[in-house]
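Everything below concerns the one structure shown next.
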Amino acid sequence: MNSKYLDLLLQKYDCEEKVVTEIIKLEAILNLPKGTEHFVSDLHGEYQAFQHVLRNGSGNVKKRIRDLFQDVLFEKEINDFATLVYYPEEKLKLMKSHFSNEQELNRWYIVIIERMIRLISHASSKYTRSKLRKALPSQFVFVIEELLYKTNQSENKEQYYKEIVEQIISLGQADKLITGLAYTTQRLVVDHLHVVGDIYDRGPEPDKIMDTLINYHSVDIQWGNHDVLWIGAFAGSMVCLANIIRISARYDNLDIIEDVYGINLRPLLNLAEKYYQDNPAFRPKVHSDQKLSDHETLQITKIHQAIAMIQFKLEMPIIKRRPYFNMSERLLLEKIDYDKNEITIYGKTYPLENTCFATVNPEQPEQLLEEEKQVMERLLFSVQHSEKLARHMNFLMKKGSLYLKYNGNLLIHGCIPLDEKGNMEKMVIENNTYSGRELLDVFERYLRHAFAHPEVTDDLATDMVWYLWTGEYSSLFGKREMTTFERYFIKDKATHKERKNPYYYLRENEEICRKILTEFDMNPDQGHIINGHTPVKEIEGENPIKADGMMIVIDGGFSKVYQSTTGIAGYTLLYNSFGMQLVAHKHFNSKEEVLLNGTDVLSIKRVVDEELKRKKVRETNVGEKLLQEISILNSLREYRYMN
Ligand SMILES: O=P(O)(O)OC[C@H]1O[C@](O)(COP(=O)(O)O)[C@@H](O)[C@@H]1O
Ligand SMILES: [Mn+2]
């Protein structure tokens, strides 16, 4: 090792004891059981449901409570206690309303604080004390540590602890302490969170999910196709921008654009009012609990058409300047007979319905009206100057990637594009051919380049972000084409079908999974591939565990609007030192319901893989880093202290 680095390190380790202590500490960590990883995907703006899963650690909190109190508490008490850990503020309020006098309440406080302390002690058993300390609410560190490390041996000490708790209660700090302990527990049951893509679109609160992730103790993100659409818009892609606004209009979420990110939609509304009328194909999809006035519905319907038409126009020059995107069939506005009101695609002619082509010049259909151009320029300006969006997009870039190799598993939102025979599909980009891992790496390089140059709006990198949303060899899309246009304007449902990449049936096959893991330099005897993106249709009997457990698909659909197809409300995955468990979540109604009934919407746990030997930190990614650190510290010791 370079002696200059070692000299630098000496500033921190200025005596042998410090080096030795650090080595011992790291060695001790290596021998602890591996921390619990939590995998979620396809959150699609469903902040409340996501919060619930996060707060209950996909059932892990309740499991810990059961481990400890199964034999001494009734089911209702277990549920109440669990709910207190999930939603401490609200549950405290509710519980306190049950007590008729202060003594009763104080007695309850004593019992609950003691239970909480036991729970934390149990949940932190695989962490070092210093890690636990970092997870404790800072104003109560001393108090909690005193309570945690009490031994029941001495009577005097019992008294001492009783007094601490009574003091806390009489000083009016009990609620604060219980709340802090609840959040510490939530934090301890999950060591690291993976979000396997699609935070944005369809649901109402993606921004709050982003804020939660920004404040989360340890997280990584594998981008989904919807996330790159937002990144693309921020990076200067007009067509990505048109798409995010179109989808927001379609799901009645324009307030995310307007109120949350502060983007002024007035110019777009003016344009929409001028050229569009009511149109059944463009009315927003609304949840049953949302109420829109007729006037609002009409406005959104008009905006929806205006932005969809801009999108279809903007796609055309990109398709033309990038022939290797192989999308000429998607030059749709050129394939329309505007007099007969029909379109010829893939060799067949179809009548069009619900058309809204007032701004289209049949001679030059890709041309934007001057007004449309100005609207888009103003929108892009505001998008790129939204501070909140900048914060969220920067975080997506910092923590995100197209795929991730983590503790022997390959995490990827969509797919590895394959041909029918199971070979990696090849894509030629600017005369270079890429496939498999190389293709994904080059996609990611383009995306990062586009993000670094938001002022450039029509280079290959920016176009490539849109390709990731909709191109046939995109690892995020995984379908031959996106039939948005057909779904708006053609009745024949056969045209709505989006043909999936062969990956989606080949992934049932073990050999294929082995081949993919090998392509990524991973051990096929141990690794798994973890996907989101395609809703698992549990109602139709689809199994989320494929290829004898090598492939796990965790998109059960948090997205409310998709729950009728899936039959459940999402899968999540837990991977702890004993193995992996897939958790199926039932429909999540509301936090209020959980608070009142204490029932959890969790169900079956399927064991995916059971470790024969408990896995230790030594065998993980973190362990690898620690081993490197130890080796450096040993070099330092030899260099400075052993000669
Ligand atoms: O149901 P919607 O909102 O119209 O969206 C349909 C579109 O969404 C997609 O399924 C992509 O979104 P997902 O990543 O959530 O699957 C497209 O393939 C499809 O065209
Ligand atoms: Mn997706």
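Along the sequence shown, the residues carry numbers beginning at 1. Both ligands and their constituent atoms are indexed starting at 1 by order of listing.
Side-chain contact between Arg202 and His226 is present, with at least one heavy-atom pair separated by less than 4.5 Å.
In plain terms, the two heavy atoms of Tyr504 and Thr534 that are nearest each other are CE2-CG2, 3.6 Å.
Those atoms of ligand 1 with a heavy atom of His44 less than 4.0 angstrom away are 15 (O). The Glu498 neighbourhood of ligand 1 comprises atoms 17 (C), 18 (O), 19 (C), 20 (O), with distances under 4.0 Å to a heavy atom of that residue. Remark: ligand 1 atoms within the under-4.0 Å shell around heavy atoms of Phe477 are 18 (O).
Heavy atoms of other residues, nucleotides or ligands lying less than 6.0 angstrom from NZ of Lys491 number 12 at most.
Comment: Arg487 engages Glu498 in a salt bridge, judged by a side-chain N to carboxylate O separation of less than 4.0 angstrom. A salt bridge is defined here as a Lys NZ or Arg NE, NH1 or NH2 lying under 4.0 Å from an Asp or Glu carboxylate O, and Arg330 with Glu334 fails to meet this definition.
Taking all heavy atoms of Met482, His533, Arg250 into account, the minimum distance to atom 4 (O) of ligand 1 is reached by Arg250. Remark: among candidates Trp469, Tyr488, Tyr251, the nearest residue to atom 3 (O) of ligand 1 is Tyr251, based on non-hydrogen atoms.
Side-chain N/O atoms of Gln222 and Ser401 include no donor and acceptor closer than 3.5 Å. With no hydrogens or angles considered, no side-chain donor-acceptor pair links Asp441 and Tyr446 at under 3.5 Å.
Distances from ligand 1 to the non-hydrogen atoms of Lys285 include no value under 4.0 Å.
Centroid-to-centroid, the aromatic rings of Phe357 and Tyr275 stay 6.0 Å apart or farther.
Judged as a side chain to side chain contact (heavy atoms under 4.5 Å, CB included), and not counting sequence neighbours, the contacts of His449 are His453, Asp459, Ala461.
Taking distances strictly below 2.8 Å, the protein N/O/S atoms close to the Mn ion (ligand 2) are Asp198 OD2, Asn225 OD1, His413 NE2, His533 ND1.
Contacts between Ile247 and ligand 1 below 4.0 angstrom, taking non-hydrogen atoms only, are absent altogether.
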